[in-house]
Amino acid sequence: MKKVSHEVKELMRELLSEGLSAEGFVFDTAVAAYLLAPTDGSYHLERLAVQYFPQEFAQSGQEILQAKAYLAPDAFSPLGDRAPALGAFASHCAWIEALYGLLAKRLRDLSLNRLFESVELPLCQVLAEMEVAGFLVDRTALEDFGLHLKTRIDEIQREILALAGEEFNINSTQQLGVILFEKLGLPPVKRTKTGYSTSVEVLEKLQGKHPIIDYIMEYRQLAKLNSTYVEGLGKVIGPDGRIHTCFQNTVTATGRLSSTEPNLQNIPVRTALGAKMRYMFVAAPGNVLVDADYSQIELRLLAHIAGDEAMLEAFRSGADIHTSTAAQVFGVPPESVTGEMRRRAKAVNFGIVYGISEFSLAQDIGVTRREAGEYMERYFDTFRGVRAYMYDVVKQARRDGYVQTLMGRRRWLPELQSSNFNLRSFGERVALNMPIQGTAADIMKVAMIRVRDRLLREGHTARLVLQVHDELIVECPEAEAEGVKRLLREEMEGAAQLSVPLLAEASAGKSWGEAKG
DNA sequence: TAGGTCACG
DNA sequence: ACGTACGTGACCTAG
């Protein structure tokens with residue numbers, strides 16, 4: 001009998017938690033529906049039944065809608081009548097079976113079956129294992145950090161209220177706007193739908209005009225760290241001292257994973273204070289964390305997909321891609337590239353991957369629109385293959401109605417047919433970006449399966465604990481660290497064959513912060 | 001519940 | 001002449 005499920009990762013997690021086998025599943029109706037239409041948003045069984053079997057659902061769909069009530073815990077109490085629950089369960093199974101038949105055929109018709117069978121389905125078990133494993137947190141260090149933050153938050157709060165000359169809620173953008181732009185008379189830089197903007201870009205422009213600004217910026221940073229990370233994470237540490245995130249595999253439009261309850265894919269790193277958070281994520285006694293990340297995977301994919309000679313050469317020569325881009329764009333030898341030139345070139349490189357406009361580039365790096373336009377012109381003069389790619393991929397998307405990754409993952413783009421300029425422009429940027437971001441996601445998923453399988457095959461105790469888009473973290477006994485570093489690098493680098501080297505770097509430490517730093 | 005803000009790749 | 005970079009999730013306030 002074939003084992004088919006709806007949201008099989010959830011079932012696998014339960015099985016693994018009970019010490020049972022999670023092997024042998026051949027289909028997942030939710031994941032299949034996601035591959036067919038990754039922007040649909042929800043893949044509840046009821047919704048899929050309505051979507052794919054509207055006629056039949058109208059006849060008998062009510063039974064499924066009642067399933068939740070029937071399947072509530074007390075439905076199985078000795079006193080309850082189990083017949084309705086069993087009937088609803090049978091109906092649930094019947095819909096899964098019907099959807100299995102239809103969705104499997106649709107996957108084959110769109111050549112998505114290989115991605116499904118060799119990537120998405122095997123990945124479900126890897127993710128279930130990671131969720132069960134969890135990530136150990138140093139609770140004491142987290143609490144100490146929280147106390148330190150609170151002390152400072154109180155100090156700053158007093159300063160802010162004193163400078164404002166009245167009590168108000170600093171967390172309220174509305175109240176803060178009134179204080180800054182009415183009471184203190186600072187110039188409003190930008191507005192939102194509902195009033196004054198008080199975002200960090202606005203505050204940066206106001207720096208030096210009033211001493212309250214620096215305090216507000218510091219308050220925001222500390223309040224975010226405390227509420228989202230210290231307190232938020234503290235609430236979800238399990239009885240085992242570990243945090244068990246949920247990896248969503250049917251959410252993003254590009255094929256990436258996401259992480260919820262809690263989100264472990266946005267733990268701070270960019271500021272020195274925030275990066276302290278990563279030292280709270282630790283290895284169990286006697287173990288270490290091995291962290292490995294891809295080097296410039298999206299730009300390497302741009303070079304590969306666009307087939308751009310200049311960019312291919314830059315990667316083949318092992319050059320620093322942002323420095324190399326700066327040298328081309330500013331017309332100087334690489335050794336004459338300044339820090340500022342490299343920073344701007346880096347912004348151009350990111351902008352290209354996102355579907356740039358000169359306006360946004362100008363805003364991002366703080367130059368005039370004209371200057372930004374000149375950078376882009378020189379960029380496209382150098383990287384002619386990239387310009388051609390940008391044109392071709394949008395043209396193809398208009399013709400076909402979708403874009404796809406190297407492994408055939410699709411995103412439909414009805415936006416390109418819109419009469420609304422903004423929506424159509426958005427569709428064009430997505431057409432540029434999705435094949436790149438999505439291929440990177442495909443490759444990482446393949447890497448995760450390879451890493452997990454080889455760890456098992458070679459008898460390592462090591463286990464994957466986290467993925468952050470281009471980064472993997474493994475927890476392993478100290479004695480295995482060197483072997484695991486090598487294994488991670490090899491399996492990540494070997495996950496795809498590109499026309500440029502695909503590089504991954506690995507390092508180990510007692511905490512996430514230590515391993516990265 | 002929606003909007004603003006901000007954390008990440 | 002448009003309005004202005006891709007993909008996420010969590011917390012807070014206001015209505």
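In this text the structure is predicted, and so the values were computed from the model without any measurement.
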Verify the neighbour count for atom NZ of A/Lys276: are there more than 12 heavy atoms of other residues, nucleotides or ligands below 6.0 Å?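 No, the 6.0 Å shell around NZ holds no more than 12 heavy atoms from other groups.
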
A/Glu340 atom CD: more than 12 heavy-atom contacts under 6.0 Å: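 Enclosed.
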
Give one of base, sugar-phosphate or nothing for [X], where a contact means two heavy atoms less than 4.0 Å apart.
{"X": "A/Ala347", "answer": "base"}
{"X": "A/Val353", "answer": "nothing"}
{"X": "A/Ser197", "answer": "sugar-phosphate"}
{"X": "A/Arg220", "answer": "sugar-phosphate"}
{"X": "A/Phe426", "answer": "sugar-phosphate"}
{"X": "A/Arg191", "answer": "nothing"}
{"X": "A/Ala223", "answer": "nothing"}
{"X": "A/Ile267", "answer": "sugar-phosphate"}

Side chains of A/Arg13 and A/Glu129 in contact at under 4.5 Å (non-hydrogen atoms):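 A side-chain contact under 4.5 Å is absent here.
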
Is the distance from OP1 or OP2 of C/dC6 to the nearest side-chain N or O of A/Arg429 less than 4.0 Å?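 Looking at the OP1 and OP2 atoms of C/dC6, one of them is under 4.0 Å from a side-chain N or O of A/Arg429.
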
According to a strict under-4.0 Å criterion, is A/Arg411 in side-chain N/O contact with OP1 or OP2 of C/dG7?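 Answer yes for this pair, as a side-chain N or O of A/Arg411 is under 4.0 Å from OP1 or OP2.
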
Where each residue is assigned the nucleotide of DNA chain C containing its nearest heavy atom, which of A/Val430 and A/Phe421 is assigned the position nearer the 5′ end?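 Its nearest nucleotide lies further toward 5', so the answer is A/Phe421.
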
Do the side-chain N and O atoms of [X] and [Y] include a donor-acceptor pair separated by under 3.5 angstrom?
{"X": "A/Arg300", "Y": "A/Ser295", "result": "yes"}
{"X": "A/Glu159", "Y": "A/Tyr219", "result": "no"}
{"X": "A/Thr198", "Y": "A/Arg220", "result": "yes"}
{"X": "A/Asp214", "Y": "A/Gln207", "result": "yes"}
{"X": "A/Ser259", "Y": "A/Thr245", "result": "yes"}
{"X": "A/Tyr402", "Y": "A/Arg411", "result": "no"}

Whole-Å P distance, C/dC2 and B/dC6: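 Each nucleotide's P atom is 29 Å from the other's.
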
For the C1' atoms, the ones on C/dG3 and on B/dA7, what distance do you get once it is rounded to whole angstrom?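 Pairwise C1' distance, C/dG3 against B/dA7, rounds to 26 Å.
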
Is the distance between the ring centroids of A/Tyr379 and A/Phe383 less than 6.0 Å?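 Under 6.0 Å, so yes.
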
Measure the distance from [atom1] on [X] to [atom2] on [N] and round it to the nearest whole Å.
{"X": "A/Lys193", "N": "C/dG3", "atom1": "NZ", "atom2": "C1'", "result": "14 Å"}
{"X": "A/Asn349", "N": "C/dC6", "atom1": "CG", "atom2": "P", "result": "17 Å"}
{"X": "A/Arg424", "N": "C/dC2", "atom1": "CZ", "atom2": "P", "result": "15 Å"}
{"X": "A/Phe359", "N": "C/dA1", "atom1": "CZ", "atom2": "P", "result": "16 Å"}
{"X": "A/Met376", "N": "C/dA5", "atom1": "CE", "atom2": "P", "result": "13 Å"}
{"X": "A/Asn433", "N": "C/dC6", "atom1": "CG", "atom2": "C1'", "result": "4 Å"}
{"X": "A/Leu432", "N": "C/dT4", "atom1": "CG", "atom2": "C1'", "result": "14 Å"}
{"X": "A/Gln467", "N": "C/dT8", "atom1": "CD", "atom2": "C1'", "result": "12 Å"}

A/Glu131 side-chain N/O to A/Phe247 backbone N/O, donor-acceptor pair under 3.5 Å: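 Between the backbone of A/Phe247 and the side chain of A/Glu131 there is a qualifying donor-acceptor contact (under 3.5 Å).
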
Hey, does the side-chain of A/Arg369 have a donor or acceptor N/O within less than 3.5 Å of a partner on the base of C/dT4?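 Flag set: donor-acceptor pair detected.
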
For C/dT4, does the base pair up with any side-chain atom of A/Ser357 as donor and acceptor (N or O, under 3.5 Å, distance only)?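 By the distance-only test, yes, there is a pair.
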
Between which nucleotides of DNA chain B, read 5' to 3', does contact with chain A run, using atoms under 4.0 Å from its heavy atoms?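 Taking any atom under 4.0 Å from a heavy atom of chain A, the span is B/dG3 to B/dG9.
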
Any chance you could list the contact pattern along nucleotides 10-15 of chain C? Use B for base contacts, S for sugar-phosphate-only contacts and - for none, protein heavy atoms under 4.0 Å, 5' to 3'. SSSSS-

In the structure shown, which nucleotide is the Watson-Crick or G-U wobble counterpart of C/dA1, with both distances under 3.5 Å?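 Paired with C/dA1, as far as the under-3.5 Å criterion goes, is no nucleotide at all.
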
